[in-house]
Amino acid sequence: MGLRLFNTLTRQKEDFVSIEPGKIRMYTCGPTVYDFAHIGNFRAYVFADLLKRYLRYKGYEVKQVMNLTDIDDKTIRGSQQEKISLSEYTARYKDAFFQDIKALNIERADVYPEATAHIVDMVNLVKKLLEKSHAYQLGGSSYFKISTFPSYGKLSKMKMEDLKAGARISKDEYEKEEIGDFALWKAWDEKDGEVFWETEVGKGRPGWHIECSAMSMKYLGKHFDIHTGGVDLIFPHHENEIAQSEGATGEKFVNYWLHNEHLLVEGRKMAKSFGNYFTLRDILSKGYNPIAIRYLLLATHYRQQLNFTFEGLDGAKNALQRLHDFIDRLKGIRSQKSHPEVAEILKEAQSGFEESLDDDLNTSSALGKIFDLVKEINRFIDEGDFSSQDAEKTLALMQRFDSVLGILKREELKLDEKITELIQKRNQARKEKKWEEADKVRKEIESLGIILEDTPEGTKWKKRI
RNA sequence: GGCGGCUUAGCCAAGUGGUAAGGCAGAGGUCUGCAAAACCUCGAUUCUCCGGUUCAAAUCCGGAAGCCGCCUCCA
């Protein structure tokens with residue numbers, strides 16, 4: 001069975017077929033760099049990362065582009081408040097974003113185009129839409145005229161007549177001809193201060209949607225395979241991207257639209273505007289390992305809402321610990337007594353893993369298959385029927401799985417002298433059967449974040465996740 | 001008001017017609033000086049509720065309740 005993905009365009013799981021055999025071009029809606037991203041934002045990026053990794057696992061060559069929105073109301077406002085330049089302001093959050101995705105073991109996209117570096121491309125696109133009469137100019141701004149694009153609404157399944165008319169028209173959209181028309185280019189306003197570009201379509205700045213059309217087509221071509229983002233982008237953002245892109249090129253824009261559901265907190269969408277959000281930094285400062293967050297995000301199917309709780313995060317951390325312990329255990333196998341069923345069990349685990357992910361990236365099921373494997377192999381090890389060769393094969397498979405999941409890699413860390421001395425001290429005490437003293441030292445070591453395990457092969461240590 | 005989605009054990013979560021995966025937490029046991037890790041055993045006669053279809057339903061159909069999201073910046 002091949003890969004099937006749920007396409008928002010058709011609201012169905014479809015067999016995935018790439019435009020160009022063996023190659024995939026995908027675009028992921030990235031962050032607006034006006035603040036630290038919260039973990040709900042990162043759900044979208046972890047999802048895109050998972051998808052990309054699995055496509056590579058399947059043998060595709062993937063080119064991924066992710067935009068950085070560094071020009072919009074929020075970045076302008078933020079920079080003005082701090083009385084620094086827009087680029088100085090956004091640079092801070094770009095850096096933070098890259099630090100955060102690194103912590104979450106999200107692989108970097110191939111290109112991270114910045115909106116401010118692509119004004120020319122956007123202006124050209126606006127010009128083309130004006131030429132083709134898909135757009136009009138009013139008061140120095142340019143708007144897309146949705147009545148010229150009959151299939152408008154095909155992604156979100158919304159009919160423009162049904163939209164609540166007139167409810168919330170912000171001031172700068174005042175002059176639009178139709179309520180659903182949207183800004184491609186916004187005329188300069190006093191509030192924009194120093195932020196503007198003098199262009200062929202006037203003095204001002206780009207609308208939000210145009211950057212994704214311009215930059216995705218620039219790096220991926222007019223027609224590419226996959227576009228991802230959160231469900232909140234379906235309307236109006238992605239709907240508008242389709243209108244702009246297909247209006248300009250006359251060709252199909254994207255084959256597969258994939259959207260991840262929201263992360264909730266206390267039953268509500270995690271959002272800056274609700275004030276119920278946690279940044280990655282917030283959580284790391286409480287002592288959590290970022291990979292535990294990655295695990296948590298991966299453990300629920302991407303199209304299912306996920307209610308974030310610290311209880312859930314603790315559970316994720318413990319589950320992750322179990323996998324890490326398993327890896328450590330495999331690395332320590334020295335027996336030569338092989339188990340006849342290992343090959344078969346590894347094969348089953350692999351096919352189970354692949355079938356799960358082929359089914360629209362069912363990570364919950366895939367993790368279930370991995371834990372089934374862990375349990376069976378652990379039993380073999382307990383029974384003494386497991387050789388170092390078996391362990392190597394199992395490790396290789398786990399590494400293969402991890403090329404998709406990205407949760408097993410850890411920093412090699414060395415014990416500092418102090419802890420090494422304490423371990424020696426404790427072992428001396430144990431030798432002399434001074435159990436009380438040994439336990440006291442063990443507690444001291446634990447308070448430093450190191451857990452000891454006494455095994456027949458000697459005392460082992462590990463770092464608490 | 002329009003549109004879409006969700007509801008499975010204490011928590012998380014698979015499962016879309018064939019008789020409830022998996023993880024965390026908890027209890028008991030094996031092992032251990034004690035722990036830890038690992039293993040074994042235990043937990044939903046039941047899948048929000050009410051009807052219906054079927055030999056068979058968590059899964060299909062109809063209805064109800066609760067919750068979430070989009071329609072405005074948003075992952």
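Using a 4.0 Å heavy-atom cutoff across all strands shown, A/Gly40 reaches at least one base atom of the nucleic acid. Among the protein residues, A/His301 comes within range of the sugar-phosphate backbone only, with heavy atoms under 4.0 Å from sugar or phosphate atoms but none that close to a base. Base engagement by A/Leu263 is indicated by at least one non-hydrogen atom pair under 4.0 Å involving a base atom. If you check every strand for non-hydrogen atoms under 4.0 Å, A/Phe47 touches nothing. The residue A/Lys272 sits apart from the nucleic acid: no heavy atom pair falls under 4.0 Å. Note on A/Asn318: only backbone sugar-phosphate atoms sit closer than 4.0 angstrom, heavy atoms only; bases stay farther off. Backbone-only contact: A/Ala319 has heavy atoms under 4.0 Å from sugar-phosphate atoms and none from a base. Among the heavy atoms of the strands lying under 4.0 Å from A/Arg329 are primed sugar atoms or P, OP1, OP2 only; no base atom is included. Within 4.0 Å (heavy atoms only), A/Leu233 reaches sugar-phosphate atoms of the nucleic acid but no base atom. A/Arg464 comes within 4.0 angstrom of no nucleic acid atom, judged by non-hydrogen atoms across all strands.
When Watson-Crick and G-U wobble pairs are counted only if both distances are under 3.5 Å, B/A14 pairs with no nucleotide at all. Partner assigned to B/C60 is B/G52, using Watson-Crick or G-U wobble distances below 3.5 angstrom. Under the Watson-Crick and G-U wobble criteria, each requiring two contacts below 3.5 Å, nucleotide B/C70 is paired to B/G2. Within the shown strands, B/U30 is the pairing partner of B/A38 under the Watson-Crick or G-U definition, both distances less than 3.5 Å. If you check B/A44 for Watson-Crick or wobble pairing at under 3.5 angstrom, you find it has no partner at all.
Within the 4.5 Å cutoff, side-chain heavy atoms of A/Phe42 are placed close to those of A/Asp100. A heavy-atom distance below 4.5 Å is found between the side chains of A/Val254 and A/Trp257. Side-chain contact between A/Gln336 and A/Ser388 is present, with at least one heavy-atom pair separated by less than 4.5 Å. Side-chain atoms of A/Leu55 and A/Ile226, non-hydrogen and from C-beta on, do get closer than 4.5 Å to each other. Contact annotation: the side chain of A/Asp35 approaches that of A/Tyr93 to within less than 4.5 Å [non-hydrogen atoms, C-beta and beyond].
Spacing of P atoms, B/G15 relative to B/G28, comes out at 34 Å, to the nearest Å. For B/C50 and B/A58, the P atoms lie 13 Å apart once the distance is rounded to whole Å. Rounded to whole Å, the separation between the P atoms of B/C70 and B/A75 comes to 12 Å. A gap of 24 Å separates the C1' atoms of B/A14 and B/C40, to the nearest Å. Taking atom C1' on both nucleotides, B/C42 is separated from B/A9 by 13 Å, rounded to a whole Å. Comparing the same atom, P, in B/G51 and in B/A44 gives a spacing of 24 Å after rounding to whole Å. B/A20 sits 11 Å from B/U45 when the C1' atoms are compared, rounded to a whole Å. Taking the P atom of each, B/U30 and B/G17 are spaced 45 Å apart, rounded to whole Å.
Between the CD atom of A/Glu355 and the P atom of B/U16 there is a distance of 13 Å, rounded to whole Å. In this structure, the CG atom of A/Asp385 is 14 Å from the C1' atom of B/C39, given to the nearest Å. We find that CG of A/Leu155 is positioned 12 Å from C1' of B/C70, with the value rounded to whole Å. Summarising the geometry, the separation between CG on A/Asp325 and C1' on B/C24 is reported as 14 Å, rounded to the nearest angstrom. Whole-Å rounding puts the A/Arg430 CZ to B/A36 C1' distance at 11 Å. Across the protein-nucleic acid pair, A/Tyr302 atom OH and B/A13 atom P stand 17 Å apart, rounded to whole Å. Rounded to a whole Å, the CG atom of A/Asp372 is 7 Å from the C1' atom of B/A21. Atom pair A/Lys460:NZ and B/U32:C1' shows a separation of 15 Å (rounding to whole Å applied).
Between the side chain of A/Asp72 and the base of B/C73 there is no donor-acceptor pair of N/O atoms closer than 3.5 Å.
Residue A/Arg379 has a polar side-chain atom (N or O) positioned under 4.0 Å from OP1 or OP2 of B/C40. Between A/Asn362 and B/A14, a side-chain N or O to OP1/OP2 separation shorter than 4.0 Å is absent. Within the structure, a side-chain polar atom (N or O) of A/Gln304 is placed less than 4.0 Å from OP1 or OP2 of B/A14. Note on A/Asn378: every side-chain N or O is 4.0 Å or more away from OP1 and OP2 of B/A37. Remark: A/Arg322 is in phosphate contact with B/C39, judged by side-chain N or O atoms under 4.0 Å from OP1 or OP2. Considering only side-chain N and O atoms, A/Asn41 lies under 4.0 angstrom from the phosphate OP1 or OP2 of B/A75. The side chain of A/Ser364 contributes an N or O atom lying less than 4.0 Å from OP1 or OP2 of B/A14. Residue A/Thr300 places none of its side-chain N or O atoms closer than 4.0 Å to OP1 or OP2 of B/C12.
Of the candidate nucleotides B/C68, B/A36, B/G2, B/C68 has the atom lying nearest to any side-chain atom of A/Gln305. Among the nucleotides B/C40, B/A38, B/G33, the one closest to any side-chain atom of A/Asp382 is B/A38.
Looking at A/Asp70 and A/Thr116, their side chains do bring a donor and an acceptor atom within 3.5 Å of each other. In this model, no donor atom of one side chain and acceptor atom of the other lie less than 3.5 Å apart for A/Thr279 and A/His38.
Between A/Lys269 and A/Ile451, the residue anchored nearer the 5' end of RNA chain B, judged by the nucleotide with its closest heavy atom, is A/Ile451. Between A/Pro31 and A/Thr309, the residue whose closest nucleotide on RNA chain B is further toward the 5' end is A/Thr309.
Put simply, A/Phe371 does not rest on the base of B/G22: the two rings are not both less than 5.5 Å apart at their centres and under 30° in tilt.
In this structure, A/Phe16 has its ring center under 6.0 Å from that of A/Tyr256.
Remark: the backbone N or O of A/Glu239 is not paired with any side-chain donor or acceptor of A/Lys154 at under 3.5 angstrom.
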